[in-house]
2 protein chains.
Amino acid sequence: MEKDLEPFSTRVRRGAVLERNCPSREVLKHVTSQWGVLILIVLEGGTHRFSELRRKVDGVSERMLAQTLQWLEGDGLVERIAYPVVPPHVEYSLTPIGREAAGHIRALADWIEVRLPDICDAQAARVAA
Amino acid sequence: MEKDLEPFSTRVRRGAVLERNCPSREVLKHVTSQWGVLILIVLEGGTHRFSELRRKVDGVSERMLAQTLQWLEGDGLVERIAYPVVPPHVEYSLTPIGREAAGHIRALADWIEVRLPDICDAQAARVAA
DNA sequence: GGCCTTGCTTACTATTCGTAAGTACATACA
DNA sequence: TGTATGTACTTACGAATAGTAAGCAAGGCC
(Lines give C-alpha, C1' and ligand atoms only; values in the text may rest on other atoms or scores of the structure.)
Protein backbone atom coordinates (compact mmCIF):
# COMPACT_ATOMS: atom_id res chain seq x y z
CA MET A 1 0.00 0.00 0.00
CA GLU A 2 1.68 3.19 -1.12
CA LYS A 3 1.40 6.36 0.87
CA ASP A 4 0.30 8.42 -2.09
CA LEU A 5 -2.58 6.12 -2.87
CA GLU A 6 -3.88 6.17 0.67
CA PRO A 7 -7.21 7.99 0.75
CA PHE A 8 -7.13 11.60 1.85
CA SER A 9 -9.71 11.03 4.56
CA THR A 10 -7.57 8.36 6.20
CA ARG A 11 -4.62 10.62 6.46
CA VAL A 12 -6.78 13.39 7.80
CA ARG A 13 -8.43 11.18 10.37
CA ARG A 14 -5.14 9.83 11.59
CA GLY A 15 -3.78 13.36 11.49
CA ALA A 16 -0.22 12.37 10.99
CA VAL A 17 1.98 15.47 10.96
CA LEU A 18 4.99 13.22 10.99
CA GLU A 19 4.16 11.91 7.55
CA ARG A 20 5.70 13.52 4.55
CA ASN A 21 2.53 14.15 2.58
CA CYS A 22 0.15 15.00 5.38
CA PRO A 23 -1.66 18.24 4.53
CA SER A 24 -1.29 19.43 8.11
CA ARG A 25 2.41 19.79 7.39
CA GLU A 26 1.67 22.70 5.06
CA VAL A 27 -0.57 24.46 7.53
CA LEU A 28 1.99 23.94 10.27
CA LYS A 29 4.59 25.46 7.97
CA HIS A 30 2.49 28.58 7.41
CA VAL A 31 1.54 29.02 11.04
CA THR A 32 5.04 28.43 12.40
CA SER A 33 6.83 30.35 9.66
CA GLN A 34 9.12 33.07 10.87
CA TRP A 35 6.68 35.87 10.05
CA GLY A 36 3.47 33.89 10.39
CA VAL A 37 4.08 33.52 14.11
CA LEU A 38 4.57 37.24 14.64
CA ILE A 39 1.69 38.25 12.39
CA LEU A 40 -0.71 36.01 14.31
CA ILE A 41 0.47 37.47 17.61
CA VAL A 42 -0.10 41.02 16.39
CA LEU A 43 -3.47 40.25 14.82
CA GLU A 44 -4.61 38.70 18.09
CA GLY A 45 -4.53 42.28 19.37
CA GLY A 46 -7.14 43.32 16.82
CA THR A 47 -7.66 44.30 13.21
CA HIS A 48 -4.68 45.89 11.49
CA ARG A 49 -3.92 47.48 8.16
CA PHE A 50 -1.05 46.22 6.02
CA SER A 51 1.20 49.12 6.95
CA GLU A 52 0.34 48.81 10.62
CA LEU A 53 1.44 45.19 10.57
CA ARG A 54 4.58 46.20 8.74
CA ARG A 55 5.44 48.66 11.48
CA LYS A 56 4.60 46.37 14.39
CA VAL A 57 6.28 43.24 13.07
CA ASP A 58 9.76 44.68 13.28
CA GLY A 59 12.00 43.56 10.42
CA VAL A 60 9.44 42.05 8.07
CA SER A 61 9.70 43.05 4.42
CA GLU A 62 6.65 44.00 2.40
CA ARG A 63 7.28 40.99 0.22
CA MET A 64 7.16 38.47 3.05
CA LEU A 65 4.34 40.24 4.83
CA ALA A 66 2.16 40.05 1.72
CA GLN A 67 3.11 36.44 1.05
CA THR A 68 2.56 35.26 4.61
CA LEU A 69 -0.79 37.04 4.83
CA GLN A 70 -1.82 35.26 1.62
CA TRP A 71 -0.85 31.90 3.11
CA LEU A 72 -2.82 32.56 6.28
CA GLU A 73 -5.77 33.88 4.34
CA GLY A 74 -5.66 30.79 2.13
CA ASP A 75 -5.78 28.59 5.23
CA GLY A 76 -8.80 30.50 6.51
CA LEU A 77 -6.98 31.89 9.53
CA VAL A 78 -6.96 35.51 8.40
CA GLU A 79 -9.69 37.60 6.80
CA ARG A 80 -8.81 40.32 4.32
CA ILE A 81 -11.16 43.20 3.63
CA ALA A 82 -10.19 45.68 0.91
CA TYR A 83 -11.99 49.00 0.55
CA PRO A 84 -11.99 50.27 -3.04
CA VAL A 85 -10.51 53.66 -2.29
CA VAL A 86 -7.38 55.52 -3.26
CA PRO A 87 -4.95 55.29 -1.62
CA PRO A 88 -5.80 51.64 -0.94
CA HIS A 89 -7.19 50.62 2.41
CA VAL A 90 -7.03 46.95 3.43
CA GLU A 91 -7.82 45.48 6.79
CA TYR A 92 -6.61 42.16 8.15
CA SER A 93 -8.16 40.34 11.08
CA LEU A 94 -8.28 36.83 12.54
CA THR A 95 -11.10 34.44 11.76
CA PRO A 96 -12.45 32.31 14.63
CA ILE A 97 -10.05 29.46 13.84
CA GLY A 98 -7.29 32.02 13.32
CA ARG A 99 -7.89 33.21 16.85
CA GLU A 100 -7.49 29.66 18.13
CA ALA A 101 -4.22 29.26 16.28
CA ALA A 102 -2.98 32.61 17.53
CA GLY A 103 -3.73 31.54 21.09
CA HIS A 104 -1.43 28.54 20.80
CA ILE A 105 1.28 30.57 19.13
CA ARG A 106 1.15 33.30 21.73
CA ALA A 107 1.30 30.72 24.52
CA LEU A 108 4.52 29.43 22.96
CA ALA A 109 5.95 32.92 22.47
CA ASP A 110 5.08 33.91 26.03
CA TRP A 111 6.71 30.77 27.31
CA ILE A 112 9.90 31.51 25.40
CA GLU A 113 10.04 35.02 26.78
CA VAL A 114 9.60 33.75 30.32
CA ARG A 115 12.18 31.01 29.86
CA LEU A 116 14.65 33.11 27.92
CA PRO A 117 16.97 33.64 30.93
CA ASP A 118 17.19 29.87 31.42
CA ILE A 119 17.84 29.35 27.74
CA CYS A 120 20.56 32.00 27.68
CA ASP A 121 22.16 30.38 30.72
CA ALA A 122 22.17 27.06 28.90
CA GLN A 123 23.76 28.67 25.86
CA ALA A 124 26.42 30.37 28.01
CA ALA A 125 27.16 27.14 29.83
CA ARG A 126 27.75 25.34 26.56
CA VAL A 127 30.09 28.06 25.31
CA ALA A 128 32.07 27.83 28.54
CA ALA A 129 32.39 24.07 28.20
CA MET B 1 17.90 56.12 22.12
CA GLU B 2 18.96 53.53 19.62
CA LYS B 3 17.67 50.01 19.83
CA ASP B 4 21.09 48.45 19.52
CA LEU B 5 22.43 50.37 22.48
CA GLU B 6 19.60 49.31 24.72
CA PRO B 7 20.91 47.02 27.45
CA PHE B 8 20.41 43.33 26.95
CA SER B 9 18.68 42.87 30.28
CA THR B 10 16.02 45.43 29.39
CA ARG B 11 15.14 43.63 26.20
CA VAL B 12 15.06 40.34 28.02
CA ARG B 13 12.88 41.66 30.82
CA ARG B 14 10.43 43.20 28.38
CA GLY B 15 10.60 40.02 26.32
CA ALA B 16 9.69 41.66 23.08
CA VAL B 17 9.50 39.02 20.36
CA LEU B 18 8.20 41.64 18.00
CA GLU B 19 11.49 43.51 18.10
CA ARG B 20 14.07 42.82 15.50
CA ASN B 21 17.00 42.14 17.82
CA CYS B 22 15.23 40.39 20.64
CA PRO B 23 17.09 37.15 21.43
CA SER B 24 13.80 35.30 21.80
CA ARG B 25 13.40 35.65 18.04
CA GLU B 26 16.29 33.23 17.52
CA VAL B 27 14.92 30.66 19.93
CA LEU B 28 11.49 30.99 18.37
CA LYS B 29 13.09 30.40 14.99
CA HIS B 30 14.73 27.18 16.17
CA VAL B 31 11.67 25.86 17.97
CA THR B 32 9.23 26.69 15.17
CA SER B 33 11.56 25.68 12.36
CA GLN B 34 10.13 23.15 9.95
CA TRP B 35 12.07 20.24 11.45
CA GLY B 36 12.42 21.60 14.97
CA VAL B 37 8.69 21.27 15.48
CA LEU B 38 8.60 17.64 14.39
CA ILE B 39 11.75 16.67 16.27
CA LEU B 40 10.35 18.08 19.51
CA ILE B 41 7.13 16.16 18.99
CA VAL B 42 8.99 12.89 18.46
CA LEU B 43 11.37 13.43 21.36
CA GLU B 44 8.42 14.08 23.65
CA GLY B 45 7.74 10.37 23.16
CA GLY B 46 11.09 9.48 24.70
CA THR B 47 14.80 9.22 24.00
CA HIS B 48 15.75 8.49 20.41
CA ARG B 49 18.89 7.77 18.45
CA PHE B 50 19.82 9.87 15.44
CA SER B 51 18.72 7.24 12.98
CA GLU B 52 15.46 6.64 14.83
CA LEU B 53 14.61 10.33 14.55
CA ARG B 54 15.52 10.21 10.89
CA ARG B 55 13.04 7.40 10.33
CA LYS B 56 10.22 8.88 12.40
CA VAL B 57 10.46 12.44 11.09
CA ASP B 58 9.43 11.55 7.58
CA GLY B 59 11.25 13.55 4.94
CA VAL B 60 14.02 15.10 6.99
CA SER B 61 17.53 14.94 5.56
CA GLU B 62 20.50 13.96 7.68
CA ARG B 63 21.91 17.42 7.13
CA MET B 64 18.89 19.25 8.52
CA LEU B 65 18.35 16.74 11.30
CA ALA B 66 21.90 17.25 12.54
CA GLN B 67 21.69 21.01 12.21
CA THR B 68 18.33 21.33 13.96
CA LEU B 69 19.43 19.04 16.78
CA GLN B 70 22.48 21.27 17.25
CA TRP B 71 20.27 24.37 17.46
CA LEU B 72 18.00 22.75 20.02
CA GLU B 73 20.93 21.42 22.00
CA GLY B 74 22.50 24.88 21.94
CA ASP B 75 19.30 26.34 23.35
CA GLY B 76 19.30 23.78 26.13
CA LEU B 77 16.14 22.06 24.95
CA VAL B 78 17.73 18.80 23.88
CA GLU B 79 20.39 16.72 25.56
CA ARG B 80 22.87 14.74 23.50
CA ILE B 81 24.68 11.74 24.91
CA ALA B 82 27.32 10.06 22.76
CA TYR B 83 28.69 6.67 23.64
CA PRO B 84 32.27 6.21 22.43
CA VAL B 85 31.67 3.03 20.51
CA VAL B 86 31.97 1.98 16.90
CA PRO B 87 29.69 2.24 15.08
CA PRO B 88 28.70 5.43 16.92
CA HIS B 89 25.77 5.43 19.30
CA VAL B 90 24.19 8.79 20.17
CA GLU B 91 21.03 9.38 22.14
CA TYR B 92 18.88 12.49 22.07
CA SER B 93 16.34 13.41 24.72
CA LEU B 94 14.47 16.46 25.96
CA THR B 95 15.70 18.51 28.90
CA PRO B 96 13.09 19.75 31.41
CA ILE B 97 12.65 23.04 29.52
CA GLY B 98 12.68 21.13 26.26
CA ARG B 99 9.74 19.15 27.55
CA GLU B 100 7.87 22.37 28.26
CA ALA B 101 8.54 23.64 24.76
CA ALA B 102 7.50 20.35 23.23
CA GLY B 103 4.23 20.51 25.14
CA HIS B 104 3.33 23.82 23.54
CA ILE B 105 4.38 22.63 20.10
CA ARG B 106 2.39 19.44 20.38
CA ALA B 107 -0.67 21.36 21.54
CA LEU B 108 -0.41 23.42 18.36
CA ALA B 109 0.15 20.38 16.15
CA ASP B 110 -2.77 18.53 17.74
CA TRP B 111 -4.98 21.56 17.22
CA ILE B 112 -4.04 21.73 13.55
CA GLU B 113 -4.83 18.07 13.06
CA VAL B 114 -8.21 18.49 14.71
CA ARG B 115 -9.01 21.62 12.74
CA LEU B 116 -7.64 20.38 9.44
CA PRO B 117 -11.08 19.60 7.98
CA ASP B 118 -12.22 23.17 8.68
CA ILE B 119 -9.02 24.54 7.19
CA CYS B 120 -9.40 22.42 4.06
CA ASP B 121 -12.99 23.60 3.74
CA ALA B 122 -11.78 27.18 3.92
CA GLN B 123 -9.20 26.49 1.24
CA ALA B 124 -11.74 24.83 -1.02
CA ALA B 125 -14.20 27.70 -0.54
CA ARG B 126 -11.55 30.19 -1.62
CA VAL B 127 -10.69 28.19 -4.71
CA ALA B 128 -14.37 28.06 -5.66
CA ALA B 129 -14.71 31.83 -5.26
C1' DG C 1 40.35 -7.65 1.82
C1' DG C 2 35.75 -5.99 1.16
C1' DC C 3 31.49 -4.72 3.01
C1' DC C 4 28.32 -3.22 6.65
C1' DT C 5 26.97 -0.10 10.30
C1' DT C 6 26.15 4.81 12.58
C1' DG C 7 26.41 9.68 12.99
C1' DC C 8 27.74 12.99 11.18
C1' DT C 9 30.28 16.62 7.54
C1' DT C 10 31.09 18.49 3.02
C1' DA C 11 30.22 19.87 -1.90
C1' DC C 12 26.88 21.20 -5.04
C1' DT C 13 22.31 22.51 -6.45
C1' DA C 14 17.54 24.12 -5.85
C1' DT C 15 14.52 26.79 -3.40
C1' DT C 16 13.41 30.53 -0.56
C1' DC C 17 14.22 35.08 1.27
C1' DG C 18 15.57 40.02 1.70
C1' DT C 19 16.43 44.42 -0.77
C1' DA C 20 15.21 47.67 -3.72
C1' DA C 21 12.56 49.46 -7.11
C1' DG C 22 8.21 50.13 -9.73
C1' DT C 23 2.89 50.98 -9.93
C1' DA C 24 -1.60 53.73 -9.60
C1' DC C 25 -3.79 56.97 -7.90
C1' DA C 26 -5.04 60.92 -4.41
C1' DT C 27 -3.86 64.40 -1.18
C1' DA C 28 -0.63 68.04 0.81
C1' DC C 29 2.30 71.58 0.13
C1' DA C 30 5.23 75.17 -2.36
C1' DT D 1 1.88 73.62 -11.69
C1' DG D 2 5.13 70.59 -9.87
C1' DT D 3 6.94 67.77 -6.38
C1' DA D 4 6.58 64.95 -2.37
C1' DT D 5 3.98 61.59 0.38
C1' DG D 6 1.18 57.61 1.53
C1' DT D 7 -1.04 52.93 0.57
C1' DA D 8 -0.85 48.04 -0.75
C1' DC D 9 1.06 45.54 -3.32
C1' DT D 10 4.25 43.10 -7.33
C1' DT D 11 8.57 42.17 -9.62
C1' DA D 12 13.56 41.53 -10.47
C1' DC D 13 17.76 40.22 -8.62
C1' DG D 14 21.44 38.95 -5.36
C1' DA D 15 22.04 36.51 -0.87
C1' DA D 16 21.01 33.11 2.41
C1' DT D 17 19.10 28.77 3.37
C1' DA D 18 17.49 24.03 2.47
C1' DG D 19 17.74 19.61 -0.01
C1' DT D 20 20.65 15.85 -2.43
C1' DA D 21 24.23 13.00 -2.59
C1' DA D 22 28.55 11.63 -1.55
C1' DG D 23 32.39 10.95 1.75
C1' DC D 24 34.49 9.60 6.27
C1' DA D 25 36.09 7.07 10.49
C1' DA D 26 36.67 2.75 12.70
C1' DG D 27 35.52 -1.46 14.33
C1' DG D 28 33.05 -6.22 13.39
C1' DC D 29 31.87 -9.93 10.20
C1' DC D 30 32.68 -13.18 6.47
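Sequence lines set the chain letters: A, B, ... in the order given, protein chains first and strands last, and positions in each chain run from 1. Here the structure is a predicted model, which means the values were calculated and not measured. The basis for the numbers below is simple: all heavy atoms, side chains too, and nothing from hydrogens, waters or symmetry mates.
Residues from residues 68-91 of chain B placing a heavy atom under 4.0 Å of any atom in DNA chain C, listed by number, are B/Q70, B/R80, B/P87, B/P88, B/H89, B/V90. Proximity of residues 39-47 of chain B to DNA chain C (heavy atom under 4.0 angstrom from any strand atom) is not detected for any residue.
Picking from C/dG7, C/dA11, D/dA12 the nucleotide with the shortest atom distance to the side chain of B/F50 gives C/dG7. You'll find that the side chain of A/R55 is closest to D/dT7, out of D/dT20, C/dC17, D/dT7. For A/M64, the listed nucleotide lying nearest its side chain is C/dG18; candidates were C/dG18, C/dT9, D/dT20. Ranking D/dT10, D/dA8, C/dT10 by closeness to the A/R49 side chain, first place goes to D/dA8.
Comment: B/R49 does not engage B/E91 in a salt bridge, judged by the lack of any side-chain N to carboxylate O separation of less than 4.0 angstrom.
Each of A/A66 and A/R63 has a nearest nucleotide on DNA chain D; the 5'-most of these lies closest to A/A66.
A 4.5 Å side-chain heavy-atom check between A/I41 and A/I105 finds at least one atom pair inside the cut-off. Between A/V17 and B/E113, some side-chain heavy-atom pair lies under the 4.5 Å cut-off. Side-chain contact between B/Y83 and B/V90 is absent, with no heavy atoms from C-beta onward closer than 4.5 Å. Counting only heavy atoms from C-beta outward, the side chains of B/L53 and B/W35 never approach each other to under 4.5 Å. A 4.5 Å side-chain heavy-atom check between A/L69 and A/W71 finds every atom pair outside the cut-off.
Note: CZ (A/R54) to P (D/dA8) measures 11 Å, nearest angstrom. Across the protein-nucleic acid pair, B/L65 atom CG and C/dT10 atom P stand 17 Å apart, rounded to whole Å. Atom NE2 of B/H48 is separated from atom C1' of C/dG7 by 16 Å (rounded to the nearest Å). A/K29 places its NZ atom 10 Å from the C1' atom of C/dT16, with the value rounded to the nearest Å.
Heavy-atom minimum distance, A/V57 versus B/R25: C-NH2, 4.5 Å.
Considering only side-chain N and O atoms, B/S61 lies nowhere under 4.0 angstrom from the phosphate OP1 or OP2 of D/dT20. An OP1 or OP2 oxygen of C/dT16 is reached within less than 4.0 angstrom by no side-chain nitrogen or oxygen of A/Q34. OP1 or OP2 of D/dA18 has not a single side-chain nitrogen or oxygen of B/W35 nearer than 4.0 Å.
If you take CD on A/E100 and CZ on B/R115, they are separated by 4.0 Å, rounding to the nearest 0.5 Å.
Hydrophobic cluster membership is shared by A/I81 and A/V85, with clusters built from Ile, Leu, Val, Met, Phe, Trp and Tyr side chains linked at under 4.5 angstrom.
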